[in-house]
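Notes to accompany the following structure.
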Amino acid sequence: MKKIIAAFALMLAGTTAFAEQADYNIIPLPKSVDVDASQTMTLRTGMGIAYDAGNPEASRNAQFLRAWIEEATGLRLELTPADKKAAVRMLVAPQKKLKKGETLTAQEAEAYTIVVDKKGISISAASQTGLFRAAQTLRKAMPVAKDLTAVELPFAKITDQPRFEYRGVMLDCARHYFPLETLKKFVDVAALHGCNQMHWHLTEDQGWRFEVKALPDLAKKGSVREQTVIGHNTEIYDGQRYGGYYTQAECRELVNYAAERYINIIPEIDLPGHMMGALNVFPNLGCTGGPYPVWTMWGVSREVLCAGNPETLTFLKTVLGELCDVFPSKYIHIGGDECPKDRWKECPKCQAKAKELGLKDDGKHSIENQLQTYINHEVEKFLGQRGRDMIGWDEVLEGGLTDNGIVMSWRGIDGGIEAAKQHHRVIMAPTSHCYIDYYQLKDPSKQPLGIGGYLPASKVYSFEPLVPETLSEEEQKYILGPQVNLWTEYVLYPQHLFYMLLPRLDAISEVQWCRSDQKDFENFKSRLPRMKQLYDRLGVSYCHKTE
């Protein structure tokens, strides 16, 4: 009798207090959502998820969906691959009829459709990547509440695909080192927002974080600074040695973890400037011979790799060769920013190399800027032999852009515009809209320490990467997409990292994913509360106020 009463109580609870409704108003907003709110289907514990059991990717995506639904709601679905009548069905199927000779664009390859009707939830996608994106959409549509016995999903048809093929987020682990578990959580949060590229900044004046097996002291010694300046170069130091680097095994582990979430990791070895970590170990690679202590303050050192020393290219090829062995990314970032040329102007080796190359100041490009282009050309050729494309910050334009280089435009959008007009590929990441180490609230006293400036979520959200008023439709095709950058001079802990990231990653995700005519900031803000509930469930910090 007690069992009958308990069962009845559970059934009653399942139809009242313990059932909540899904909401498709998610971030980023799908391309098209048609809802019939007059009808719903009920998802309950024990219902099945069907998928292609013969495909390991399909199995993994089904497991992700099951785990995410349970994490948000408490509902425990079953994996039932052979069940054609399962409540949730995941299938790779064409989303577009191709003409003869036509192929899918990168964005079309991520397209998916979700249909919720009396038969249940049908998910079809152009690829397993699309199924993963669709699973994230369902995850974010779920109510965030513990111990639900049912979720009511209004009938709907969702069709979706991203606007840009490149949807990036950059994390600097050179100024401050973050453990692997934090980086995995960072990848999870990036995937939640539809990002497909994680740009990983690994080397700096303040520390070298990538293990090079042929040069074991490079990371062991170059990753350690004797102390760190407190605040904004106050000349007061903490007196604590600081270090840490990533072994190649750890890098591969993160690469694989990200790949399972359809995120490509783009490593950056910044050259020929920002090299004090390396020069500390190999002073012969500098113009003066050193000594070169790993920097304990923030800013830009004038000590850079010697452009005229043949050992410089040998060193770079050794490093980049091992980098390519570890990171399968098609893109390799070589930095190229903020490289003072003072030493090169004074260095006999650099000037001799310039003379050997026949470099002359043409009024547009100085000899020293052309020397940097020489290094870039050599590096690009080396990477090209390994099937990789080189990305550089927009300073790589200053000595004449290499043939196939990709420009990451950070000093505004002008560098990106110039590169696109020259028919070079561009990633837009201007400080004005994409530098999320800036304060996100007007009052700095109410926030953790930041580098300065003011970049609220509303400003990030307003960004338009294609610059239609300046670039022709043909030139706009060279804009791969936008990226936000999180530099960590003042970001010491994981809680601070995610606070700086969120909700500005939400804002850029709609810039990356949605058509420009879909965007509405007030509507965006109305969709943030559920995301914040999910962040609470995931245990990641965020800025509670959105300006």
Side-chain angles (χ1 to χ4, degrees), residues 23-30 68 71-72 136-137 139-144 162-164 167-171 182 185-196 198 263 429-444 446-451 453-465 481-488 490-491 493-514 516 518-547:
D23 184 347
Y24 308 119
N25 290 308
I26 65 166
I27 294 174
L29 196 64
W68 292 336
E71 178 182 62
Q136 292 279 19
T137 291
R139 173 194 193 181
K140 289 179 281 192
M142 291 289 157
V144 181
R163 182 186 183 196
F164 289 102
R167 306 181 301 278
V169 56
M170 188 281 288
L171 180 61
T182 298
K185 185 163 283 191
F186 185 89
V187 165
D188 286 333
V189 171
L192 179 67
H193 292 82
C195 296
N196 65 349
M198 175 186 162
I263 289 180
T431 57
S432 58
H433 293 79
C434 297
Y435 269 49
I436 57 174
D437 54 334
Y438 293 3
Y439 290 110
Q440 55 190 313
L441 303 178
K442 286 183 180 178
D443 186 352
K446 294 182 179 179
Q447 302 164 83
L449 184 65
I451 196 170
Y454 172 52
L455 183 57
S458 58
K459 184 72 177 288
V460 177
Y461 194 82
S462 70
F463 185 44
E464 174 46 58
Q483 172 175 295
V484 288
N485 297 330
L486 180 51
W487 302 101
T488 63
Y490 307 100
V491 180
Y493 306 108
Q495 298 93 326
H496 191 182
L497 186 161
F498 289 107
Y499 172 91
M500 300 300 281
L501 185 68
L502 302 169
R504 289 183 288 191
L505 185 63
D506 296 81
I508 199 67
S509 76
E510 297 225 330
V511 176
Q512 294 171 336
W513 192 276
C514 301
S516 57
Q518 283 183 283
K519 290 166 54 187
D520 180 283
F521 187 66
E522 291 305 314
N523 180 271
F524 165 79
K525 286 201 297 182
S526 74
R527 290 178 274 124
L528 270 176
R530 178 166 290 187
M531 292 298 288
K532 291 178 178 179
Q533 288 178 334
L534 193 52
Y535 301 151
D536 289 335
R537 183 61 53 87
L538 295 173
V540 295
S541 54
Y542 55 90
C543 182
H544 288 258
K545 188 177 179 182
T546 305
E547 295 182 349

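Numbers here are sequence positions counted from 1.
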**OP:** Go through the steps for Asn25 and Ser526 under the test side-chain contact (heavy atoms from CB on, under 4.5 Å), then give the verdict.
**Re:** CA-CA 9 Å; Asn25 290 308; Ser526 74; over 6 Å; no

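- Distance check: Leu528 CG to Ile27 CD1 gives 4.0 Å after rounding to the nearest 0.5 Å.
- Leu497 places a side-chain heavy atom less than 4.5 Å from the side chain of Phe186.
- Tyr439 places no side-chain N or O within 3.5 Å of a backbone atom of Pro444 that could act as its donor or acceptor partner.
- Glu464 has its side chain within reach of Ser516: a pair of non-hydrogen atoms, C-beta onward, lies under 4.5 Å apart.
- Pro448 meets the side chain to side chain contact (heavy atoms under 4.5 Å, CB included) test with His496, Tyr499; sequence neighbours excluded.
- Contact check for Asp536 versus Tyr542: side-chain heavy atoms found under the 4.5 Å cut-off.
- Contacts of Thr182 classified as side-chain hydrogen bond (donor to acceptor under 3.5 Å, both in side chains), with partners at least two apart in sequence or in another chain: none.
- Nearest approach of Pro28 to Cys514, heavy atoms of both residues: CB-SG, 4.2 Å.
- Evaluation of the salt bridge (charged side-chain N to carboxylate O under 4.0 Å, His left out) test over residues 522-531, restricted to residues two or more places apart or in two chains, returns Glu510-Arg527, Glu522-Lys525.
- Of all the heavy atoms in Pro482 and Gln512, the pair that sits closest is O-NE2, 3.1 Å.
- Val491 is not listed as a side-chain neighbour of Asp437, based on a closest heavy-atom distance of 4.5 Å or more.
- Pairs engaging residues 538-547 under the salt bridge (charged side-chain N to carboxylate O under 4.0 Å, His left out) rule: Lys545-Glu547 [sequence neighbours left out].
- For the pair Leu171/Thr488, a side-chain contact is recorded, criterion being any heavy-atom separation below 4.5 Å from C-beta on.
- Between the OG atom in Ser458 and the CZ atom in Phe524 there is a gap of 9.5 Å [rounded to 0.5 Å].
- Counting non-hydrogen atoms of neighbouring residues, nucleotides and ligands closer than 6.0 angstrom, the OH atom of Tyr454 exceeds 12 such neighbours.
- Nearest heavy atom pair, residue Leu534 against residue Arg139, reads CD2-NE, 4.5 Å.
- Across all non-hydrogen atoms, the minimal contact from Lys532 to Thr546 is NZ-OG1, 3.4 Å.
- Between Cys543 and Pro503, some side-chain heavy-atom pair lies under the 4.5 Å cut-off.
- In this view, Ala72 and Met142 satisfy the side chain to side chain contact (heavy atoms under 4.5 Å, CB included) rule, not counting sequence neighbours.
- Side-chain contact between Trp487 and Met170 is present, with at least one heavy-atom pair separated by less than 4.5 Å.
- Side-chain atoms of Gln447 come within 3.5 Å of backbone N or O of Gln440 as a donor-acceptor pair.
- The main-chain N or O of Val484 is never found under 3.5 Å from a side-chain atom of Arg504 such that the two would form a donor-acceptor pair.
- Taking every heavy atom of both residues into account, Leu502 and His193 meet most closely at CD2-CE1, 3.8 Å.
- In this structure, Lys519 forms a cation-pi arrangement with Tyr461, its terminal cationic atom sitting closer than 6.0 Å to the ring centre and no more than 45° off the ring axis.
- A distance of 6.5 Å separates CZ of Phe463 from CD1 of Ile508, quoted to the nearest 0.5 Å.
- Annotation: side chain of Val169 is not in contact with side chain of Leu486 (no heavy-atom distance under 4.5 Å).
- A distance-only check finds a donor-acceptor pair linking the side chain of Lys140 to the backbone of Leu192 [under 3.5 Å].
- Side chain of Gln483 to backbone of Cys434: no donor-acceptor contact under 3.5 angstrom is found.
- Under the side chain to side chain contact (heavy atoms under 4.5 Å, CB included) criterion, Asn196 pairs with Glu110, Arg133, Arg167, sequence neighbours left out.
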Subject >> Step-by-step side chain to side chain donor-acceptor pair (under 3.5 Å) determination, Asp506 to Tyr535 >> reply: CA-CA 12 Å; Asp506 296 81; Tyr535 301 151; 2.7 Å; yes

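- Across all non-hydrogen atoms, the minimal contact from Phe164 to Val511 is CE1-O, 3.5 Å.
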